[in-house]
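For reference, the structure is listed below as structure tokens.
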Amino acid sequence: MHDARSATTERPRTGRPRTLHDFRLAELEAWVVERGYPRYRARQLYHWAYQQLALDYGVMSVLPKAMRQELQETLPITNLVEVRRRVTDDGETIKFLFRTEDEHFVETVLMFYPDRTTVCVSCQIGCAVGCSFCATGLSGLIRNLTPGEMVSQVVYAARVARERQRRLSNIVVMGMGEPFQNYDAVLRFVAIVNDRQGLGIGTRHITLSTAGMVPFIDRLAEEPYQVKLAVSLHAPNDGLRSQLVPLNRRWPVDELLAACRRYVAKTGRRVTFEYVLIDGLNDDEKTAAELARKLRGLLCHVNLIPYNPTPAAPLYRRPAPERIERFRAVLEHYGIPATVRYSRGVEIAAACGQLRAHEEARRGRRLPAVAGQ
Ligand code: SAH
Ligand code: SF4
């Protein structure tokens, strides 16, 4: 049986240097005590890192100078550098591009809504899953992000939200990468951003989105964190889904939905299904009715995402608005709640994996093609 604690006490396996953003409070306490400082200094550090959102030890005037000096030399707060920021015309969506220490690029999107402020975080550089419609998958997987690199994305976003007198309220792990292929680091990230002494983002306001890795759905159901689960379904049958999401061959639709039913039974929490609508492929009424049948009796909500054109799939098209509405109406007719969600920030290349691809191209790097693309 999986021990839930292991996910949050384990050190990241990527071998990258640790930053302040990788530490849980108890570990930071041990760290400061080991170096001869009183334990309470760790709380002060945590406060400055997460309540004040400091990215520089210089401003932490409450700490002794010698300690700040030592921190500066031995423990960077973050190893992400912001290299680009784009804002939509309405100002409601902001996309960040960060450079990692090993010269890769990570995307993060901050979205302002009337009732909440959400950050969309990446958990990997690239992605190994290779869904046919997704720009991130084009490069394959370069590496996992560390918990600290994920926390840093949230801190940068929270700082920008603060400039507008907004508090970051929600996190969705729906940027680049498949969270369940970097499970331990993602769970540790959840623990850090959830800490009441730190950012204090409630786990019910944190969503993990998976392309359907069945064993990890069961594992998540056992965790003490009440995070929300989103599953990228995109099709109600194996013929169609295997074309879109290659890992469907390993975990077919019925197995995936059975895992979702177990998850709901175990946690009492609703599952969100994401469904990218692609013209003429998975968007007809018959497919909608088939989807409704498959989801019958499952506590869920369907988010219909009209396909966002990317170089990954130049032949795919977004359906006409009437088709999108018709699909939604069929689901509703069968009692399946569904909402149409247009991706935010298409004009600033905010859709999954696009800004990074632009930056790589600008630097003259070509992303390696995926077999069969
Ligand atoms: N790997 C995870 C999370 C990141 S992708 C997953 O697949 O769930 C987040 C969401 O963006 C997924 O539902 C994915 O299907 C969707 N997405 C990716 N490329 C898209 C595109 N070109 N148009 C619309 N949605 C897209
Ligand atoms: Fe990976 Fe998600 Fe993109 Fe599929 S949709 S390639 S799982 S990031």
Side-chain angles (χ1 to χ4, degrees), residues 106-109 111 118-145 150 153 171-183 186 206-214 216-217 220 227-235 240-251 256 260 271-279 281-283 301-319 324 339-346 349-357 367-373:
V106 174
E107 300 180 0
T108 307
V109 185
M111 292 161 284
T118 302
V119 63
C120 176
V121 168
S122 293
C123 63
Q124 296 183 311
I125 301 170
C127 180
V129 178
C131 299
S132 61
F133 49 81
C134 173
T136 303
L138 274 180
S139 59
L141 175 66
I142 293 175
R143 72 165 169 87
N144 281 333
L145 292 181
M150 291 179 247
Q153 296 174 58
I171 297 177
V172 294
V173 184
M174 291 187 184
M176 296 171 8
E178 165 54 43
F180 288 173
Q181 293 199 345
N182 189 14
Y183 187 88
V186 167
I206 301 174
T207 303
L208 307 184
S209 172
T210 179
M213 299 183 66
V214 164
F216 289 94
I217 293 175
L220 188 68
V227 291
K228 289 208 237 169
L229 174 67
V231 174
S232 294
L233 191 58
H234 309 317
L240 199 48
R241 190 164 191 270
S242 294
Q243 267 183 57
L244 299 170
V245 185
L247 57 72
N248 188 71
R249 293 187 198 104
R250 180 123 168 244
W251 293 294
L256 175 58
C260 294
V271 173
T272 298
F273 290 106
E274 291 153 285
Y275 193 106
V276 173
L277 284 167
I278 302 166
D279 190 36
L281 201 70
N282 65 351
D283 67 333
H301 185 96
V302 178
N303 281 343
L304 299 170
I305 314 166
Y307 170 67
N308 219 343
T310 75
L315 298 179
Y316 289 174
R317 300 268 176 272
R318 170 179 285 200
I324 296 171
T339 316
V340 179
R341 299 214 188 276
Y342 285 88
S343 307
R344 282 270 198 124
V346 171
C352 189
Q354 290 183 26
L355 194 59
R356 164 174 164 257
L367 297 174
V370 172
Q373 298 274 340

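Order of appearance sets the numbers: ligands from 1, and atoms from 1 within every ligand. Worth saying up front: this structure is predicted, and the values here are computed from it rather than measured.
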*Between Cys131, Pro246, Ser232, Ser209, flag the one that comes closest to atom 6 (S) of ligand 2 by a heavy atom.*
Cys131
*Side chain, backbone, both or neither: which part of Glu274 comes within less than 4.0 Å of ligand 1 when only heavy atoms are counted?*
side chain
*Under 3.5 Å, is there a donor-acceptor pair between the side chain of Asn282 and the main chain of Val276?*
yes
_Ligand-residue contact atoms, ligand 2 with Cys127, heavy atoms, under 4.0 Å_ = 1 (Fe), 6 (S), 7 (S), 8 (S)
_Ala211 backbone acceptor or donor facing Glu178 side chain under 3.5 Å_ = yes
_Heavy atoms only: which of Ala128, Cys123, Cys134, Gly175 lies closest to atom 3 (Fe) of ligand 2?_
Cys134
*Output the list of atoms in ligand 1 that are nearer than 4.0 Å to some heavy atom of Phe133, sorted by atom number.*
15 (O), 17 (N), 18 (C), 19 (N), 20 (C), 21 (C), 22 (N)
*asked:* On a heavy-atom basis, I'd like to know which of Pro306, Ser232, Ala313 is closest to atom 6 (C) of ligand 1.
replied: Ser232
*asked:* Main chain of Ser242, side chain of Arg249: is a donor-acceptor contact present, judged purely on distance under 3.5 Å?
replied: yes
*When you look for heavy atoms under 4.0 Å from ligand 1, do you find them on the side chain of Asn308, its backbone, both, or neither?*
both
*Distance filter under 4.0 Å to Ala211 heavy atoms, resulting ligand 2 atoms*: 7 (S)
*Considering the heavy atoms of Gly177, write down every atom of ligand 2 situated less than 4.0 Å from one of them.*
8 (S)
*Is Thr210 touching ligand 1 with its side chain, its backbone, both, or neither, if touching means heavy atoms under 4.0 Å apart?*
backbone
*Decide whether an N or O pair under 3.5 Å exists between Ser343 and ligand 1.*
no
*Mind checking whether Tyr316 and Phe133 have ring centres under 6.0 Å apart?*
no
_With a 4.0 Å cut-off on heavy atoms, is Ala312 in contact with ligand 1?_
no
*Taking only heavy atoms of Ala211, which atoms of ligand 1 are found under 4.0 Å from at least one of them?*
6 (C), 7 (O), 8 (O)
*Please state which part of His234 comes within less than 4.0 Å of ligand 1, counting heavy atoms only: side chain, backbone, both or neither.*
side chain
*Heavy-atom donor-acceptor pair, Ser122 side chain to Gln124 backbone, under 3.5 Å*: no
*Determine whether Asn248 and His234 make a side-chain contact, defined as any pair of heavy atoms from C-beta on separated by less than 4.5 Å.*
no
*Could I get the full list of side chain to side chain contact (heavy atoms under 4.5 Å, CB included) partners for Thr272, not counting sequence neighbours?*
Ala230, Asn303
*Shortest non-hydrogen contact between Met150 and Leu145, atoms and distance*: CE-O, 3.6 Å
*Atoms of ligand 1, numbered as shown, that sit under 4.0 Å from any heavy atom of Thr310*: 22 (N)
*Numbering the atoms of ligand 1 from 1, which are under 4.0 Å from a heavy atom of Gly177?*
1 (N), 2 (C), 3 (C), 4 (C)
*Identify the residue among Val173, Leu220, Val186 that makes a side chain to side chain contact (heavy atoms under 4.5 Å, CB included) with Phe180.*
Leu220
*Are Leu244 and Leu281 close enough that some pair of their side-chain heavy atoms sits under 4.5 Å apart?*
yes
